[in-house]
Protein chains: 4
Amino acid sequence: MFILNPQSGIPIYRQLQEQVRRMVASGQLKPGTPLPSVRDLALAHAINPMTISRAYSLLEAEGLLERHRGKPMTVASQPRGNGATPKRLEQIEAPLDHLVLAARQLQLTEGEVVRALRKKWSESDD
Amino acid sequence: MFILNPQSGIPIYRQLQEQVRRMVASGQLKPGTPLPSVRDLALAHAINPMTISRAYSLLEAEGLLERHRGKPMTVASQPRGNGATPKRLEQIEAPLDHLVLAARQLQLTEGEVVRALRKKWSESDD
Amino acid sequence: MFILNPQSGIPIYRQLQEQVRRMVASGQLKPGTPLPSVRDLALAHAINPMTISRAYSLLEAEGLLERHRGKPMTVASQPRGNGATPKRLEQIEAPLDHLVLAARQLQLTEGEVVRALRKKWSESDD
Amino acid sequence: MFILNPQSGIPIYRQLQEQVRRMVASGQLKPGTPLPSVRDLALAHAINPMTISRAYSLLEAEGLLERHRGKPMTVASQPRGNGATPKRLEQIEAPLDHLVLAARQLQLTEGEVVRALRKKWSESDD
DNA sequence: GTGGTCTAGACCACC
DNA sequence: GTGGTCTAGACCACA
């Protein structure tokens with residue numbers, strides 16, 4: 001259900017956190033939907049339960065998930081007012097910024113970058 | 001000369017390292033060109049000199065820079081053969097991968113992402 | 001500097017979190033002030049460093065503390081816009097609600113409760 | 001009859017336990033009075049019957065309630081001597097302590113706190 | 001069955 | 001020196 005790569009340099013709990021955010025933003029996880037239990041996820045990915053739990057707790061603090069004692073965590077029914085559920089396009093701001101900065105410093109042209117993007121996109125078509 | 005942002009989450013030494021790599025790859029820094037001294041850069045950006053030094057040392061180890069006793073470091077005249085100076089397009093692989101992954105998980109379309117990219121690009125026109 | 005009681009039933013990291021919030025709200029900790037290092041606090045209170053770290057991380061996520069790599073954490077200079085630094089009076093809302101509910105269910109009078117409060121207050125005068 | 005809030009952070013069984021204690025202490029529940037059945041309460045509040053049962057059992061262990069086979073539990077006729085039915089004022093000790101600690105750490109004055117208390121009190125007037 | 005808390009200890013990244 | 005991440009394992013609280 002999630003793609004977690006311990007080698008990637010990015011902390012595991014943060015990978016999970018981002019993916020849940022994206023799945024909520026894209027509607028793949030709807031309000032009320034229960035998330036996989038900490039133990040299940042931990043087992044499935046051979047990862048320490050605390051690491052999973054950490055991601056879930058942070059998401060709860062963000063207001064994106066809700067805890068119901070004794071039951072699995074669920075997607076929050078009404079995201080808190082502080083803009084807890086960012087728009088989908090806002091969520092690629094950071095990687096976009098990163099890409100544009102790098103490309104400009106390499107003095108690439110807009111066309112070259114767009115072409116490279118389209119290529120990567122079709123390669124990732126599965 | 002360089003854009004270093006201590007808040008960005010990306011380690012400072014790595015920001016510097018990448019930017020030097022890009023400027024060499026794009027020809028803005030040519031073989032033989034001297035780099036700013038560690039002290040100057042540190043002062044100019046209010047950053048610990050050890051941090052600058054670390055970036056330079058890593059670039060030297062890569063074969064991209066050369067150290068000459070008593071003189072400032074320079075861009076290496078003939079970059080080593082171990083792929084030290086990758087093609088320019090290869091240098092945006094990482095940010096591209098990151099972007100495509102995020103966008104697909106958000107179930108964005110290729111068109112939306114390209115449009116967002118073009119927008120960011122023109123915004124960064126200075 | 002802080003009062004941490006492992007026996008109190010309230011999680012240690014949460015006790016610390018609340019006390020920092022209060023000290024910031026009351027001005028005892030001013031923007032820019034460095035906090036005790038994780039290791040120092042852990043040693044001083046014979047508590048696992050991770051427990052301290054957890055409180056600090058949550059406070060950072062709240063926007064109340066700032067991380068500066070390699071240096072101790074500090075009180076955030078400009079608390080984030082989402083009302084990260086609640087007014088002092090707002091911070092006793094929860095215990096007040098609790099008290100009033102209990103008192104009313106016990107059918108105590110306002111006078112009795114105020115008198116009990118004043119008594120407790122002077123007892124805690126040190 | 002009872003106010004049970006699953007969201008409040010305080011365990012449900014404990015909320016119930018405290019409220020029964022208070023209603024006995026204040027005379028709203030007199031010795032011999034039958035309590036609502038576990039099933040009824042559970043249904044009315046959409047709460048797991050085991051949770052209700054747990055509160056009742058703890059109150060029975062305290063000596064505040066009595067169990068009669070086949071009949072509903074009742075308020076104990078002569079509460080046991082181990083301080084089972086504390087004075088009413090003693091029952092707000094805990095919330096009072098909590099409030100005073102928080103207020104002092106926030107460097108509020110006695111006047112401010114009393115004023116806030118009076119305000120809350122009148123607001124809860126129904 | 002769920003999640004929460006804490007520990008002890010190892011290792012890493014950064015400055 | 002600073003904080004961050006992860007693990008393994010124990011124990012608790014709640015429904």
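Sequence lines set the chain letters: A, B, ... in the order given, protein chains first and strands last, and positions in each chain run from 1. Computation of the quantities below employed the complete heavy-atom set of this structure, encompassing side-chain atoms and omitting hydrogens, waters and symmetry-equivalent molecules.
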Exercise. Are any of C:Ser53's side-chain N or O atoms less than 4.0 Å away from OP1 or OP2 of F:dG3?
Worked result: no
Exercise. Does E:dC14 have OP1 or OP2 sitting under 4.0 Å from an N or O in the side chain of C:Arg67?
Worked result: no
Exercise. Start at the 5' end of DNA chain F and walk down; is the nucleotide closest to A:Gln15 or to C:Val38 reached first?
Worked result: C:Val38
Distance check needed: [N] [atom2] versus [X] [atom1], whole Å only.
X	N	atom1	atom2	result
B:Gln7	E:dC14	CD	C1'	14 Å
A:Glu60	E:dG4	CD	P	7 Å
C:Leu65	F:dG3	CG	P	11 Å
A:Ile52	F:dA8	CD1	P	13 Å
C:Leu59	F:dG3	CG	P	13 Å
A:Leu41	F:dT7	CG	P	13 Å
C:Leu58	F:dG3	CG	P	15 Å
C:Gln17	E:dG4	CD	C1'	14 Å

Problem set entry | Test: A:Glu18 and A:Arg22 ion pair at under 4.0 Å | yes
Problem set entry | Pairing partner (Watson-Crick or G-U wobble, both distances under 3.5 angstrom) of E:dC6 | F:dG9
Decide whether [X] and [Y] meet the rule of one side-chain donor and one side-chain acceptor closer than 3.5 Å.
X	Y	answer
C:Ser8	C:Gln15	yes
A:Glu66	D:Gln7	no
A:Arg67	A:Ser57	no

Between the protein and nucleotides 13-15 of chain F, list every N/O to N/O distance that falls short of 3.5 Å.
from: F:dC14; atom 1: OP2; to: D:Tyr13; atom 2: OH; distance (Å): 2.7
from: F:dC14; atom 1: O3'; to: A:Arg69; atom 2: NE; distance (Å): 3.2
from: F:dA15; atom 1: OP1; to: A:Arg69; atom 2: NE; distance (Å): 3.2
from: F:dA15; atom 1: OP1; to: A:Arg69; atom 2: NH2; distance (Å): 3.4

For this session: Start with the C-alpha distance between D:Arg54 and D:Met50, add both sets of side-chain angles, then the distance that settles side chain to side chain contact (heavy atoms under 4.5 Å, CB included), and finish with yes or no.
Result: CA-CA 6 Å; D:Arg54 184 171 179 180; D:Met50 275 190 53; over 6 Å; no
Exercise. Under the side chain to side chain contact (heavy atoms under 4.5 Å, CB included) criterion, do D:Ile10 and C:His98 qualify, and how do the steps go?
Worked result: CA-CA 11 Å; D:Ile10 297 158; C:His98 200 134; 3.7 Å; yes
For this session: For residues A:Leu41 and A:Met1, determine if any side-chain heavy atom of one lies less than 4.5 Å from a side-chain heavy atom of the other.
Result: no
